[in-house]
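Okay, structure first, notes after.
For reference, positions follow the sequence shown, starting with 1. Whatever order the structure lists ligands and atoms in, that order sets their numbers, starting from 1.
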Amino acid sequence: MNHSALINVMVKAARRAGRSLKRDLGEIENLQVSLKGPANFVSAADRRAEEMLYDDLTKARPGYGFLGEEGGTREGSDKSNTWIVDPLDGTTNFLHGIPQFAISIGLEREGTVVAGVIYNPANDELYIAERGKGAFLNDTRLRVAGRKKLDECVIACGLPHIGRGDHEQSRREMTEMQNRVAGLRRFGAASLDLAFVAAGRLDGYWERNLKPWDIAAGLIMVREAGGIVSGIEGHDNALQTGHVVAGNEFVQSELVKILKPL
Ligand code: IPD
Ligand code: CA
Ligand code: CA
């Protein structure tokens with residue numbers, strides 16, 4: 001499959017950082033992690049991956065800005081283009097050796113995400129999307145699921161961590177959703193939740209209080225697969241608000257109807 005030069009740059013960077021994360025995952029699985037504890041080890045793995053991504057992406061596109069979870073904003077001379085990067089999305093899974101985590105790279109141009117790559121090195125699943133050119137999983141074109149009955153849909157969500165977010169609200173949402181859908185899931189990596197919606201594995205997904213690096217690449221993935229992504233109230237502001245609702249047109253609007261009043 002031939003992708004653009006831009007996508008090739010993103011894929012190459014994701015694969016190199018992915019090899020590093022995969023080696024580190026092996027360490028965790030073999031319990032070779034130092035006495036300082038796995039959390040320190042994981043944050044070092046995380047930072048190492050981000051530096052690799054920063055090096056590769058800025059070498060290939062000098063001047064582009066870079067927003068990474070670990071290093072924050074690094075301004076570039078080109079104010080129109082910014083990489084939005086999560087070097088390790090699904091940290092808790094990674095720490096526990098659960099192979100559901102990913103590198104997420106989005107490119108924002110003049111306020112819009114125009115390209116996205118999400119790569120899970122544990123199973124070598126590579127998701128690619130570019131504006132107007134579709135979304136792909138390892139060269140297979142993606143299309144969101146077509147279901148139009150909520151009680152046949154499998155929907156994923158996020159759950160606020162200890163000490164964060166509104167746990168009461170989250171429970172209200174879960175209760176309401178449990179009464180309406182075929183199955184609820186919580187996988188633990190927002191980028192892959194969106195990629196799964198794009199791939200039609202999940203019919204829908206919602207989560208509150210995310211950061212741009214969790215969702216930038218996922219937003220374009222879902223859209224290029226024919227799906228809709230919005231904020232909780234249905235507006236096109238997921239990247240700005242950090243609240244996300246995704247699915248096909250029907251599912252996204254049903255989820256918004258359920259979640260908005262909660
Ligand atoms: C987290 C994951 C998780 C979501 C969290 C995010 P991290 O990212 O995407 O699924 O529920 O809110 O912060 O911390 O693993 O990069
Ligand atoms: Ca993340
Ligand atoms: Ca992260």
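Annotation: angle subtended at the Ca ion (ligand 3) by Leu88 O and Glu69 OE1 is 170°, to 10°.
Near Gly90, meaning under 4.0 Å from any of its heavy atoms, are these atoms of ligand 1: 7 (P), 15 (O), 16 (O). With ligand atoms numbered from 1 in the order given, ligand 1 contributes 16 (O) to contacts under 4.0 Å with heavy atoms of Asp86. The ligand atoms of ligand 1 that sit less than 4.0 angstrom from a heavy atom of Thr91 are 7 (P), 14 (O), 15 (O), 16 (O). Less than 4.0 angstrom separates some heavy atom of Ala189 from each of these atoms of ligand 1: 9 (O), 10 (O).
When ring centroids are compared, Phe187 and Phe196 come within the 6.0 Å threshold.
For the pair Leu194 and Met221, the minimum side-chain heavy-atom distance is 4.5 Å or more. Using a 4.5 Å heavy-atom cutoff, the side chains of Ser43 and Arg47 are in contact.
In this structure, Arg186 does not pair ionically with Glu173, as no charged nitrogen and carboxylate oxygen lie closer than 4.0 Å. Remark: Glu168 engages Arg171 in a salt bridge, criterion side-chain N to carboxylate O under 4.0 Å. The residues Arg61 and Asp78 are annotated as not salt-bridged, no charged nitrogen and carboxylate oxygen being separated by less than 4.0 angstrom. Salt-bridge annotation for Glu254 and Lys257: present, with a side-chain N of the basic residue lying under 4.0 Å from a carboxylate O of the acidic one. Ion pair Asp124/Arg15 flagged as a salt bridge, since at least one NZ, NE, NH1 or NH2 atom sits closer than 4.0 Å to an Asp/Glu carboxylate oxygen. A salt bridge does not link Glu152 with Lys148: none of the charged nitrogens is closer than 4.0 Å to a carboxylate oxygen. Ion pairing between a basic and an acidic side chain is recognised when a charged N comes within 4.0 Å of a carboxylate O; Arg74 and Glu50 show such pairing.
Some N or O of Leu88 is nearer than 3.5 Å to an N or O of ligand 1, by distance alone. In terms of N/O distances under 3.5 Å, ligand 1 is approached by Gly188. Checked by distance only, ligand 1 and Arg186 come closer than 3.5 Å through their nitrogen or oxygen atoms.
Atom 4 (C) of ligand 1 has Glu207 OE2, 3.1 Å as its closest protein atom, hydrogens excluded (heavy atom only). In terms of protein heavy atoms, atom 6 (C) of ligand 1 is closest to Asp214 OD1, 4.0 Å.
The Ca ion (ligand 2) is closest to atom OD1 of Asp89 (considering only N, O or S atoms). For Asp214, the N/O/S atom at the shortest distance from the Ca ion (ligand 2) is named OD1. Considering just the N/O/S atoms of Asp86, the one nearest the Ca ion (ligand 2) carries the name OD2.
Both the backbone and the side chain of Ala190 come within contact range of ligand 1, each with a heavy atom under 4.0 Å. By the criterion of a heavy-atom distance under 4.0 Å, the side chain of Glu69, and not its backbone, is placed next to ligand 1. At a heavy-atom distance under 4.0 Å, no atom of Asn209 approaches ligand 1.
Considering Asp89, Leu192, Thr92, Leu159 only, the shortest heavy-atom separation from atom 1 (C) of ligand 1 involves Asp89.
A donor-acceptor pair under 3.5 Å links the side-chain atoms of Asp89 to the main chain of Ser191, judged by distance alone.
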